[in-house]
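Here the structure is laid out as structure tokens; the discussion comes afterwards.
Just follow the structure's listing: the first ligand is 1, and inside any ligand the first atom is 1. This one's a predicted model, so the numbers in the text were calculated from it and none came from an experiment. Worth knowing before you read on, the calculation uses all heavy atoms, side chains too, and leaves out hydrogens, waters and symmetry mates.
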Amino acid sequence: MGSPSTPGRLTVISGPSGVGKGTLVATLLERHPRLWLSVSATTRAPRPAEVDGSTYRFLDRERFEAQVQADGFLEWAEFAGNLYGTPRAPVEEHLALGQPVLLEIELEGARQVRRSFPAGFQVFIKPPSFEELERRIRGRGTDSEEAIQRRLARAHQELAAEAEFDAVLVNGALDAAVAELEAALGLAAG
Ligand code: ADP
Ligand code: 5GP
């Protein structure tokens, strides 16, 4: 388990698949280069534009499970048929250096991090409506129909959990959502 007394701040960004977490986080990183985003490991197949080690470390199930056994993940969870996890060591190293750390993870992982880092800050991103969420997942054009259906089914559970979070933000107009996220994280607008 990580220590909640490490000097950097740990922020979790969560919310249903397709809500725009990746888009928001990418904008935040451009505007605030001091932030460090953890690169997760996953057993999901890479999407066409994804490069190993950049968006994710792509592992087969055997390697992923070996890393679980070795206590190599700060948290991990199964999502829509694939495993996802946050490698522990780089997060602890960046926190120890006092650098603000971002994790972009789903609900079960957010719950695990809440237990190990109770001093962390957790933000839930929600869509303006469920219909808009479905439009965004489909509009992204990266997932099979089966993957879309699994993600939408899971989204109902995730949306029911918003009250667990320290801050809740609607990703309607992107600029407004970025500004709200900056305010929630105490980041001066760039
Ligand atoms: P997530 O990381 O939560 O799965 P993405 O960042 O991949 O979501 O966004 C899903 C789709 O929605 C992408 O096509 C993205 O361009 C689009 N999107 C993100 N934010 C907004 C927004 N505020 N308004 C309209 N479309 C958005
Ligand atoms: P995607 O397959 O769309 O990239 O991600 C699916 C879901 O897994 C998203 O909600 C994303 O936030 C989440 N996710 C990505 N990395 C991790 C991780 O390391 N741990 C957990 N628990 N969820 C993750």
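Screening Leu29, Val91, Leu102 for a side-chain contact (heavy atoms from CB on, under 4.5 Å) involving Trp36 leaves a single residue, Val91.
Protein heavy atom at the shortest distance from atom 16 (N) of ligand 2 is Ser40 OG, 3.0 Å. What sits closest to atom 3 (O) of ligand 2 on the protein, heavy atoms only, is Arg151 NH1, 2.7 Å. For atom 12 (O) of ligand 2, the closest heavy atom belonging to the protein is Glu104 OE2, 2.8 Å. Among all protein heavy atoms, the one lying closest to atom 20 (N) of ligand 2 is Glu75 OE2, 2.7 Å.
The closest non-hydrogen atom to atom 24 (C) of ligand 2, taken over Ile125, Ile105, Val39, comes from Ile105. When Glu106, Arg150, Arg111 are checked for heavy-atom proximity to atom 22 (N) of ligand 2, Glu106 turns out nearest. Counting heavy atoms only, Tyr56 comes closest to atom 4 (O) of ligand 2 of the residues Tyr56, Phe79, Phe73.
Counting only N and O atoms by type, the side chains of Arg44 and Thr42 include no donor and acceptor under 3.5 Å apart.
For Glu158, the closest heavy-atom approach to ligand 2 does not fall below 4.0 Å.
Applying the 6.0 Å contact sphere to CD of Glu145 captures more than 12 heavy atoms from other residues, nucleotides or ligands. Summarising the local packing, CG of Asp60 is surrounded by more than 12 heavy atoms from other residues, nucleotides or ligands at distances under 6.0 Å. Counting heavy-atom neighbours within 6.0 Å of Lys126 NZ, excluding the residue itself, gives a total of 12 or less. With a 6.0 Å radius and a threshold of 12 heavy atoms from other residues, nucleotides or ligands, Arg63 has its CZ atom at or below the threshold.
Remark: Glu106 engages Arg154 in a salt bridge (charged side-chain N to carboxylate O under 4.0 Å, His left out) (not counting sequence neighbours).
Every atom of ligand 2 is numbered from 1 in the order shown, and the set under 4.0 Å from a heavy atom of Gly109 is 22 (N). Close contacts of ligand 2 with Arg47, meaning ligand atoms under 4.0 Å from a residue heavy atom, involve 1 (P), 2 (O), 3 (O), 4 (O). Distances below 4.0 Å separate heavy atoms of Ala77 from the following atoms of ligand 2: 22 (N). Heavy-atom proximity to Arg44, at under 4.0 Å, picks out these atoms of ligand 2: 1 (P), 2 (O), 4 (O).
For the pair Arg114 and Phe165, the cation sits on the ring face: its NZ or CZ lies under 6.0 Å from the ring centre, inside 45° of the axis. Figure legend: cation-pi geometry between Arg9 and Phe121, with NZ or CZ positioned under 6.0 Å from the six-membered ring centre and within 45° of its axis.
Residues Gly20 and Asn171 approach most closely at CA-ND2, 3.6 Å, considering heavy atoms. Closest non-hydrogen pair, Ala110 versus Ile105, comes out as N-CD1, 3.5 Å.
No part of Gln112 comes within 4.0 Å of ligand 2, judged by heavy-atom distances.
Ring geometry for Phe64 versus Trp76: interplanar angle over 60°, hence perpendicular rather than tilted (30 to 60°).
Sorted by chain then number, the residues whose non-hydrogen atoms approach ligand 1 to under 4.0 Å are Pro16, Ser17, Gly18, Val19, Gly20, Lys21, Gly22, Thr23, Arg136, Arg140, Asn171, Gly172, Leu174.
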